[in-house]
Amino acid sequence: MSESQGNKEITSRSKDYSQWYNDIVIKAGLADYSPVRGCMVIKPYGYAIWEKMQSVLDSAFKATGHQNAYFPLFIPKSFLSKEASHIEGFAKECAVVTHYRLINDPNGNGVVVDPEAKLEEELIVRPTSETIIWSTYRDWIQSYRDLPILVNQWANVVRWEMRTRLFLRTTEFLWQEGHTAHATSEEAVEETRKMLDVYADFAENTMAMPVFKGVKTENERFAGAIDTYCIEALMQDGKALQAGTSHFLGQNFAKAFDVKYLTQEGTQEYVWATSWGVSTRLMGALVMTHSDDFGLVLPPVLAPIQVVLIPVGKNVQLESTRAKCKELASELKALGIRVKLDEDDKKSPGWKYSEYEMLGVPLRLVIGPRDLENQTAELARRDTRQKEIVPCDGLASRINETLDRIQAELLQKARAYRDSHTYKVDTMEDFEKVLDSTGGFILAHWDGTSQSEEAIKEKTKATIRCIPLHQEKEAGVCIYSGKPSMGRVVFARAY
RNA sequence: CGGUCAUUAGCGCAGCCUGGCUAGCGCACCUGUUUUGGGAACAGGGGGUCGUAGGUUCGAAUCCUGCAUGACCGACCA
């Protein structure tokens with residue numbers, strides 16, 4: 001049964017896509033629900049994947065000249081009032097700290113908030129850190145010699161969302177936020193685009209997830225930004241997912257926090273800013289890009305375990321196959337491959353096969369008595385679920401090659417899916433037809449007005465995910481209003 | 001924040017409608033034996049504030065009310 005019909009503990013994608021996603025996250029041990037509404041516990045296996053992501057991204061940030069720092073979790077309420085559109089974007093989802101002490105309830109019901117311990121000024125749990133960082137940058141920046149400032153922080157943030165999903169939208173989530181300050185607009189724009197490229201490279205080369213790069217429309221733009229650049233990925237249910245954003249903030253925050261620098265010519269100028277971030281939402285993207293009805297599928301670069309070795313046999317035979325596995329495991333380890341040897345003799349081999357498929361381990365190596373005789377091993381790929389018998393000779397290099405191939409083929413497969421679900425559409429009728437059948441990205445003409453954008457969203461629930469960065473010039477008419485348009489934009493229903 | 005549904009052992013569920021012996025079942029767990037190439041078999045065993053707070057009642061897992069958490073739908077959302 002489990003050979004062909006998926007894991008019995010996981011709801012199939014075709015039956016209930018949302019439930020499938022939840023099942024994978026829970027059953028693969030990525031995360032658990034917590035006692036706090038909308039929050040989650042990221043479990044060791046899930047966190048190990050996040051740590052891999054962090055380490056690749058962190059290296060890329062360092063390679064582009066950034067340094068890590070850490071700013072406070074709490075932000076004085078007054079800071080958030082300084083940039084009007086910024087606060088407008090976040091006000092509705094901020095957690096507020098009002099008191100600093102608990103006391104024993106006089107009625108004996110545990111502890112209660114001490115009404116005497118009210119804060120002078122309330123503190124906001126950061127939904128993002130622009131305000132506290134720019135209030136700090138004011139002290140750091142005097143002259144052009146202090147610029148640029150290229151800082152990143154790894155942190156948690158809180159946004160009080162109405163409706164949450166594990167990893168995709170949680171009340172508290174982990175992310176990195178880069179905040180840079182520059183002398184010129186050009187330099188800041190260049191930084192914004194550079195970091196977008198870092199994200200796109202990461203998505204494709206590390207996560208094996210193809211993305212569209214583009215610019216957000218005014219409606220979808222970050223509160224307080226001049227331009228928001230983004231990478232957009234397509235999930236297996238035909239819905240788009242914003243996987244990362246990079247904002248050109250202009251001088252909005254410099255003006256709000258009065259951050260000026262002295263130029264070489266001796267004049268005072270406002271500083272130019274960027275900010276950019278990706279979050280644990282990427283974990284959700286990873287799940288929904290590659291996984292199947294048997295469980296998680298991980299690209300080898302991110303897999304905490306790249307190869308699992310399973311000895312098969314009984315009694316004396318098991319002793320020998322186990323010894324052979326041990327020998328191979330240390331050989332692979334020496335090459336830097338992340339291996340796990342599963343010696344548990346309380347679990348049957350079949351049970352283990354299913355288990356490691358659920359966990360998304362890219363390769364499974366099984367050694368049984370027959371293999372010992374023939375000096376072979378059974379090598380099974382998680383992504384294709386193909387098994388082959390291979391000679392033990394040269395096994396390590398074969399495994400290395402196969403891991404590389406899996407990484408490349410996962411990207412190819414995801415790109416083929418994305419491309420075959422990207423449609424050029426010229427009428428509202430076809431537009432809705434696509435959305436109601438397979439879903440996917442829709443390239444269509446748009447007249448550039450918020451009214452048309454809103455009307456399309458109202459009618460179809462699809463939004464403009466981005467205006468492609470390298471938009472082809474093509475004369476056409478807006479799919480909604482019939483007014484002239486100079487190029488196509490990317491529409492989709494989105495997470 | 002509104003609607004619907006759910007919450008009983010680590011997990012999945014039955015029991016509730018029609019209140020009443022010691023709250024059951026499957027998986028998992030522990031012991032032992034046999035097993036081991038796709039989620040093994042048998043025997044024995046341990047594990048429960050029935051989400052929570054009240055109410056009705058001689059008696060509540062069961063009926064009523066509030067609250068909490070989750071799922072789905074809607075509104076909301078960089």
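Per chain, numbering begins at 1; letters A, B, ... match sequence-line order.
Within 4.0 Å of A:Gln317, counting heavy atoms only, lies no atom of the nucleic acid at all. A:Lys461 comes within 4.0 angstrom of the backbone, heavy atoms only, and of no base. Base contact: A:Arg364 has a heavy atom under 4.0 Å from a base atom. Nucleic acid contact class of A:Trp175 (heavy atoms, under 4.0 Å, all strands): base. At a threshold of 4.0 angstrom between heavy atoms, the contacts of A:Ser18 are confined to the sugar-phosphate backbone, with no base atom among them. Nucleic acid contact class of A:Tyr33 (heavy atoms, under 4.0 Å, all strands): sugar-phosphate only. A:Asp16 comes within contact range of no nucleotide atom at all, as no heavy-atom separation falls under 4.0 Å. Within the 4.0 angstrom heavy-atom criterion, only backbone atoms of the sugar-phosphate kind lie near A:Gly38; the bases stay farther away. A:Lys216 comes within 4.0 angstrom of no nucleic acid atom, judged by non-hydrogen atoms across all strands.
Taking only side-chain atoms of A:Ser348, from C-beta outward, the nucleotide of B:G38, B:G37, B:G39 with the closest atom is B:G39. Set against B:G70, B:G37, B:G39, the side chain of A:Glu355 has B:G39 as its closest nucleotide. In this structure, of B:C77, B:G37, B:U69, it is B:G37 that holds the atom nearest to the side chain of A:Pro369. Closest contact between the side chain of A:Arg163 and the listed nucleotides B:G74, B:G39, B:U36 involves B:G74.
One finds no salt bridge joining A:Glu357 and A:Arg382 here, because no Lys/Arg side-chain nitrogen approaches an Asp/Glu carboxylate oxygen to under 4.0 Å. A salt bridge does not link A:Lys213 to A:Glu232: none of the charged side-chain nitrogens sits closer than 4.0 Å to a carboxylate oxygen. Ionic pairing of A:Lys347 and A:Glu355 is not present here: no N-O contact between side-chain nitrogen and carboxylate oxygen is shorter than 4.0 angstrom.
The base of B:G37 has none of its N or O atoms less than 3.5 Å from a complementary donor or acceptor on the side chain of A:Lys314.
Using the six-membered ring where Trp is involved, A:Tyr17 and A:Trp20 have ring planes that are tilted, between 30° and 60° apart.
When both pairing distances are held under 3.5 Å, B:A14 makes no Watson-Crick or G-U pair with any nucleotide shown. Pair assignment for B:A9: none, as no Watson-Crick or G-U wobble contacts are both less than 3.5 Å. Across all strands shown, the partner of B:C67 is B:G51, judged by Watson-Crick or G-U wobble contacts whose two distances both fall under 3.5 Å. With a cut-off of 3.5 Å on both pairing distances, the Watson-Crick or G-U wobble partner of B:U33 is B:A41. Pair check for B:A61 finds none; no Watson-Crick or G-U wobble contact set falls under 3.5 Å. Checking B:G19 for Watson-Crick or G-U wobble geometry (two distances, each under 3.5 Å) identifies no partner in any strand.
Taking atom CD1 on A:Ile310 and atom P on B:G39, their separation rounds to 13 Å, with Å as the unit. If you take CD of A:Gln19 and P of B:C72, they are 7 Å apart, rounded to a whole angstrom. Atom CD in A:Glu9 sits about 10 Å away from atom C1' in B:A28, given to the nearest Å. If you measure from atom CG of A:Asn7 to atom C1' of B:G38, you get 11 Å, rounded to the nearest angstrom. Protein atom CG of A:Asp342 is 13 Å distant from nucleotide atom C1' of B:U36, rounded to whole Å.
Atom CG of A:Leu309 is separated from atom CG of A:Leu332 by 6.0 Å, given to the nearest 0.5 angstrom.
Going from the P atom of B:C1 to that of B:C64 covers 26 Å, rounded to whole Å.
Side-chain contact between A:Thr321 and A:Asp371: absent, with no pair of heavy atoms (C-beta onward) separated by less than 4.5 Å.
For the pair A:Lys347 and B:G39, the criterion of a side-chain N or O lying under 4.0 Å from OP1 or OP2 is not met.
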